[in-house]
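In what follows, a single structure is set out as structure tokens and then discussed.
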Amino acid sequence: MSFINYMAREINCKIVYYGPGLCGKTTNLQYIYERTNPEAKGKMISLATETERTLFFDFLPLSLGEIRGFKTRFHLYTVPGQVFYDASRKLILKGVDGVVFVADSQIGRIEANIESLENLRTNLAEQGYALDKLPYVVQYNKRDLPEIASVEELRQLLNPTQVPDFEGVARTGIGVFDTLKAVAKLVLTELKRGG
Amino acid sequence: MGDPQMVMYEEEFNQIQTVVDRLLKEANSKVVFIVDKNGQLIAASGEIDNLDTTSLASLTAGNIAATGGMAKLLKENEFATQFHEGENANIHIQLVGNRVILVVIFDSKSSLGLVRLRVKRACDELNVIFEALLRKVNTPGRDSPFAEITDEDIDNLFND
Ligand SMILES: Nc1nc2c(ncn2[C@@H]2O[C@H](COP(=O)(O)OP(=O)(O)OP(=O)(O)O)[C@@H](O)[C@H]2O)c(=O)[nH]1
Ligand SMILES: [Mg+2]
């Protein structure tokens, strides 16, 4: 649910990075944080365990520039991917305007990706959202690793509706901004349609 | 879909700011701010120049979301009030009409009793303002200012 502030002439949108444990959601945000001008970003907050697994969420506020005199501000969140943190994932999805599903390309993680995507659908549905009606993009991450599934296979399993999708190596930044721009664009387009 | 669109207009913003400014003084507090349940800052007052209000807003909303989740498990409606006591700063968090969150930060110059009392009144006033705001937002025929943006406008945002 975007927030239009006529007073501050700002539009605020919430984007959530979803996906299985260790797929690279936090790494996406860290890369964005590192590569964004100081004046366009706020502090990145990570509520994580001692082993750097996301415990509740990561948060990164970004400004993307102005449209017709309105500042566009995006609040990026990641969910904790580990299965047992489901209650927290549901909370983070509240008020979401756009979703990035980060898939782990490794063959051994195919099941985990499918489960996480189903979990995303279920959790959205519980709050009255339908994934297919939301601005939504997919990133196939960890393309640098040796034992990975082909993009065609991943696409078939995880992106049957053919939303915009990207190959990524979040650790070095490949695909990270393409993914972000694509979802931001969809969110703004939805807003234009009066979503 | 989900929640209704959150919109803030100048008129209501000024009313909210008045309530927040007055609460700051009457509660002898250091900082007062209002956040929506999604973590977006709506208004703030007090010593905020060196304060990361964006981060605070997101964490406050996360906090309320987490306790709200706990309440649900306990079949409670909500835990509407929270208080955290620090060595120097204390923080009082109040859910207003299940819509927005009112946060008061204060030190030893004030007291929990005083803050509670003043928050209660501010809450009533804020409820009235937010109800009016919601009615306004839901009035049909109010077009989004974004209805007129073009694909080109959106593309331009990403071209630099
Ligand atoms: N080789 C490789 N490693 C990656 C890539 N992206 C992330 N990683 C590594 O994968 C590990 C997990 O990354 P995180 O970003 O913490 O994963 P996450 O999705 O946030 O995990 P949770 O917080 O548990 O849900 C880290 O060691 C990252 O450095 C990638 O593209 N390639
Ligand atoms: Mg993480």
Side-chain angles (χ1 to χ4, degrees), chain A residues 1-14 41-45 47 56-57 59-61 64-70 72-73 75 77 87-88 90-97 124 127-130 133-134 177-178 180-182 184-195, chain B residues 1-17 35-44 52-59 61-70 72-73 100 133 136-137 142-160:
Chain A
M1 179 190 57
S2 54
F3 172 28
I4 303 176
N5 191 332
Y6 286 86
M7 189 59 200
R9 300 200 73 74
E10 271 179 11
I11 164 89
N12 291 276
C13 306
K14 176 172 179 175
K41 70 185 174 194
K43 208 185 268 164
M44 176 163 167
I45 292 178
L47 302 179
F56 194 8
F57 59 77
F59 168 71
L60 173 59
L64 282 190
E66 287 194 4
I67 291 189
R68 307 247 166 148
F70 274 80
T72 58
R73 292 164 55 93
H75 286 181
Y77 284 85
S88 304
K90 288 182 194 183
L91 298 177
I92 310 304
L93 279 178
K94 283 194 179 156
V96 65
D97 294 302
L124 283 173
Q127 300 183 37
Y129 294 97
K133 293 204 174 135
L134 269 183
F177 276 97
D178 292 335
L180 172 65
K181 282 177 186 177
K185 225 164 146 170
L186 290 178
V187 167
L188 292 170
T189 308
E190 180 66 25
L191 213 65
K192 171 178 134 102
R193 292 204 324 214
Chain B
M1 193 179 277
D3 308 283
Q5 169 86 53
M6 182 73 167
V7 179
M8 182 58 61
Y9 300 102
E10 187 168 353
E11 184 188 354
E12 284 76 14
F13 176 82
N14 289 334
Q15 293 169 353
I16 292 165
Q17 190 67 47
V35 185
D36 81 357
K37 282 183 103 183
N38 296 321
Q40 278 144 0
L41 187 70
I42 294 174
D52 184 348
T53 45
T54 309
S55 297
L56 265 176
S58 147
L59 288 171
N63 194 331
I64 283 286
T67 43
M70 283 159 55
K72 223 168 154 186
L73 293 175
V100 296
L133 180 62
K136 200 162 166 180
V137 174
R142 271 194 175 266
D143 285 337
S144 148
F146 293 91
E148 283 161 27
I149 64 172
T150 59
D151 292 342
E152 211 184 339
D153 286 331
I154 296 176
D155 282 333
N156 285 340
L157 200 57
F158 298 104
N159 283 343
D160 35 74

| query | How far apart are the closest heavy atoms of A:Y77 and B:N38, and which atoms are they? | reply |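 Of all heavy-atom pairs spanning A:Y77 and B:N38, the closest is OH-O, 3.8 Å.
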
| field | Closest heavy-atom pair and its distance - A:C13, B:Q40 | value |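 In terms of heavy atoms, the two residues are closest at N-NE2, 4.1 Å.
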
Check whether [X] gets within reach of chain B through its side chain, its backbone, both or neither, counting any heavy atom under 4.5 Å.
X     : answer
A:S88 : neither
A:I45 : side chain
A:L47 : side chain
A:E66 : backbone

| field | salt bridge (charged side-chain N to carboxylate O under 4.0 Å, His left out) partners for B:E10, two or more places apart | value |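 With neighbours one apart ignored, the set is empty.
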
Less than 4.5 Å apart, side chain to side chain, heavy atoms only: is that true for [X] and [Y]?
X      : Y      : result
B:T54  : A:R73  : yes
A:K185 : B:D155 : yes
A:F57  : B:L59  : yes

| Region of B:D153 in contact with chain A, defined by heavy-atom distances below 4.5 Å |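 For B:D153, heavy atoms of backbone and side chain both lie under 4.5 Å from chain A.
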
With rounding to the nearest 0.5 angstrom, report the [atom1] to [atom2] distance, [X] to [Y].
X      : Y      : atom1 : atom2 : value
B:I154 : A:K192 : CD1   : NZ    : 6.5 Å
A:F3   : B:L41  : CZ    : CG    : 8.5 Å
B:S58  : A:K14  : OG    : NZ    : 8.5 Å
B:N14  : A:M7   : CG    : CE    : 5.0 Å
A:I67  : B:T150 : CD1   : OG1   : 8.5 Å

| message | I'd like to know which of B:A66, B:G39, B:A61, B:G69 tops the heavy-atom pair count under 4.5 Å against chain A. | response |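 Looking at each of B:A66, B:G39, B:A61, B:G69 in turn, B:A66 comes out on top.
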
